[in-house]
J.: 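Before I ask anything, here is the structure I am working with.
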There are 2 protein chains.
Amino acid sequence: MVGNSSRITERDGLRADARRNRERILVAARAVFAEHGIDAPMATVARRAGVGVATLYRHFPTRDALVRATFAEQTEICGRALTDALADPDPWRGFRRLLETVCELQRQERGFPAAFVAVFPDSAVDHARVRERAERDLMTLVRRAQAAGALRADFQPSDLAVALLSHCGLVNALPHDRAASRRLVAYLLQSFRADAAHGALPEPSTLSLRGFPLPADGSREQRPSGA
Amino acid sequence: MVGNSSRITERDGLRADARRNRERILVAARAVFAEHGIDAPMATVARRAGVGVATLYRHFPTRDALVRATFAEQTEICGRALTDALADPDPWRGFRRLLETVCELQRQERGFPAAFVAVFPDSAVDHARVRERAERDLMTLVRRAQAAGALRADFQPSDLAVALLSHCGLVNALPHDRAASRRLVAYLLQSFRADAAHGALPEPSTLSLRGFPLPADGSREQRPSGA
DNA sequence: GTACAAACGGACGATCTCGTCCGTTTCGCA
DNA sequence: TGCGAAACGGACGAGATCGTCCGTTTGTAC
């Protein structure tokens with residue numbers, strides 16, 4: 001609040017070179033993670049970014065922090081996809097698009113699936129508030145799609161997590177096989193339709209949406225895009 | 001053929017202590033892989049087995065060899081499941097049981113899913129002959145189930161690989177959540193039914209059964225059980 | 001019991017990764 | 001231009017894993 005010795009005019013409080021390096025690191029991390037997985041040595045990322053390891057660690061103290069920041073964009077799209085799904089007048093279409101969008105992300109950005117799996121069941125998620133909103137939104141989406149008679153009545157919100165995690169696993173196992181991924185998504189969607197219900201399903205998982213990749217500060221509050 | 005200096009009376013040409021240690025190592029490996037994943041340090045396995053690392057490496061020169069040997073039993077069950085499925089008079093039931101059996105294996109023996117994924121798309125599979133037989137058998141199974149009107153006509157043999165790999169991914173991500181696993185299997189099976197077909201599926205994957213876990217020497221030729 | 005070869009096991013050097021320390025450079029402001 | 005703080009980057013020690021080497025033990029045959 002009171003005057004700091006050296007004020008920075010830039011918007012994020014970082015010096016110009018620091019901001020530049022941060023960006024370089026993120027670009028490098030995306031490439032390295034795509035090529036070698038999210039367990040790739042930190043030094044590899046640093047070298048690729050053209051910075052020293054110390055700089056890397058200064059910006060991202062842990063690998064986890066780097067992974068999250070690297071896939072923040074994907075994470076944000078996930079959050080918006082949920083909001084968009086909820087906004088769709090056709091609840092089934094909204095539901096379908098949500099699944100397709102997230103799966104498309106998973107197959108597009110190699111490394112993201114591993115990050116998704118790594119972060120998903122993790123309890124160290126940033127804001128409980130965001131999680132709650134995501135769970136609530138998803139619940140609403142499911143209820144609406146069921147009320148419309150499109151989504152089978154015994155579908156549980158946790159089934160979406162099941163679908164996403166299994167799709168992640170497939171993409172991790174076969175990073176190049178887009179056809180396999182699309183095939184799985186198509187099958188899953190068909191089995192979720194109300195008219196595909198044949199007999200009772202086994203007990204649902206107790207898995208919640210804890211850790212569903214969402215931006216740490218909400219998906220819409222602060223987008224650094226236009227204004 | 002002609003007299004060796006020190007002949008061993010035992011059946012597998014190993015000395016008694018060597019055979020004992022080999023067994024101990026396999027037991028230890030199963031436990032360690034279940035607990036720490038198939039990337040667990042070799043020394044951990046050796047310690048748990050009560051042998052030196054050198055002994056471990058003597059029996060299994062590479063981690064891959066150890067992993068394969070450790071899950072040879074599961075692998076064999078996979079092979080038999082395919083044979084059994086083919087033998088079932090009801091082709092759909094055979095098909096269903098095949099998927100359920102393999103998935104049950106995957107969720108039972110922790111570590112097996114990872115091994116499954118690690119070995120599956122790998123080209124270093126033992127006998128091309130076995131692979132070919134598996135592919136042929138699976139093709140037959142699929143054709144029959146389709147002819148019976150139970151399995152949807154656009155199902156491809158590669159879709160079974162898709163199902164198994166995605167299920168593996170799920171079990172890897174949530175090793176404790178059996179409900180999630182069962183749920184996925186139920187959904188997949190329903191979506192494979194002929195009466196679940198709604199609209200066209202995307203292009204099938206070109207993935208073959210290369211590496212489908214099968215015993216190296218065929219599943220039935222030599223079972224050291226009774227005679 | 002003895003001899004020989006097979007099998008054992010611990011120690012060891014090599015390699016890799018992590019994360020920090022600290023001297024040097026660069027930026028922002030006056 | 002000059003100053004102070006922020007940021008940089010390479011080097012480095014700690015810790016972990018790998019796979020081999022070699023002296024010792026143990027099993028088998030005679």
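The chains referred to below are lettered A, B, ... by the order of the sequence lines, with proteins before strands, and numbering in each begins at 1. Computed from heavy atoms alone, side chains included, the values below leave out hydrogens, waters and symmetry copies. Note that this is a predicted model, so its numbers are computed, not measured.
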J.: So, is A/H59 near the phosphate of D/dC8, with a side-chain N or O under 4.0 Å from OP1 or OP2?
T.: yes
J.: Test A/F112 against A/C78 for side chain to side chain contact (heavy atoms under 4.5 Å, CB included), laying out the working first.
T.: CA-CA 12 Å; A/F112 180 53; A/C78 283; 4.2 Å; yes
J.: Would you say B/T55 places a side-chain N or O within less than 4.0 Å of OP1 or OP2 belonging to C/dA7?
T.: no
J.: What is the distance from atom OG of B/S191 to atom CG of B/L201, rounded to the nearest 0.5 Å?
T.: 8.5 Å
J.: At less than 4.0 Å, is any side-chain N or O atom of B/N21 found next to OP1 or OP2 of C/dC8? Yes or no.
T.: yes
J.: Under 30°, 30 to 60°, or over 60°: which ring-plane class applies to B/F192 and B/F95, parallel, tilted or perpendicular?
T.: perpendicular
J.: Checking side chain to side chain contact (heavy atoms under 4.5 Å, CB included) for the pair B/R80/B/E76: CA distance, chi angles, key distance, verdict?
T.: CA-CA 6 Å; B/R80 261 179 299 162; B/E76 199 169 326; 4.3 Å; yes
J.: With 3.5 Å as the limit, what N/O pairs link the protein to nucleotides 17-21 of chain C?
T.:
unit_1: C/dC18; atom_1: OP1; unit_2: A/R63; atom_2: NH1; d: 3.0
unit_1: C/dC18; atom_1: OP1; unit_2: A/R63; atom_2: NH2; d: 3.1
unit_1: C/dC18; atom_1: OP2; unit_2: A/M42; atom_2: N; d: 3.0
unit_1: C/dG19; atom_1: OP2; unit_2: A/Y57; atom_2: OH; d: 3.2

J.: As a test of reading the structure: which of C/dC8, D/dG27, D/dG9 is closest to the side chain of B/R15, going by heavy atoms?
T.: D/dG27
J.: Take A/R107 and A/R182 through the test side chain to side chain contact (heavy atoms under 4.5 Å, CB included) and record every step on the way to the result.
T.: CA-CA 9 Å; A/R107 76 174 76 101; A/R182 286 198 207 94; 3.8 Å; yes
J.: CG of B/L66 versus P of D/dT17: gap in Å, rounded?
T.: 16 Å
J.: Output the rounded distance in Å from CG (B/L56) to P (D/dT17).
T.: 14 Å
J.: Rounded to whole Å, please give me the gap between CZ in A/R19 and P in C/dT26.
T.: 18 Å
J.: Would you kindly give the CG-to-C1' distance between B/D17 and C/dA5, to the nearest whole Å?
T.: 12 Å
J.: Quick one: pull up CG in A/L14 and CD in A/E23 and give me the separation to the nearest 0.5 Å.
T.: 10.0 Å
J.: Identify whether any heavy atom of A/R20 sits under 4.0 Å from a base atom; if not, whether one sits that close to sugar-phosphate; answer base, sugar-phosphate or nothing.
T.: sugar-phosphate
J.: Kindly point out which of D/dA7, D/dG9, C/dA7 is positioned nearest to the side chain of B/A18?
T.: C/dA7
J.: Rounded to the Å, how far apart are A/I25 CD1 and D/dG9 C1'?
T.: 12 Å
J.: Does either side chain, that of B/D177 or that of A/S205, offer a donor lying less than 3.5 Å from an acceptor on the other one?
T.: yes
J.: Report the nucleotide, chosen from C/dA7, D/dT28, C/dC8, that has the shortest atom-to-atom distance to any side-chain atom of B/L14.
T.: C/dA7
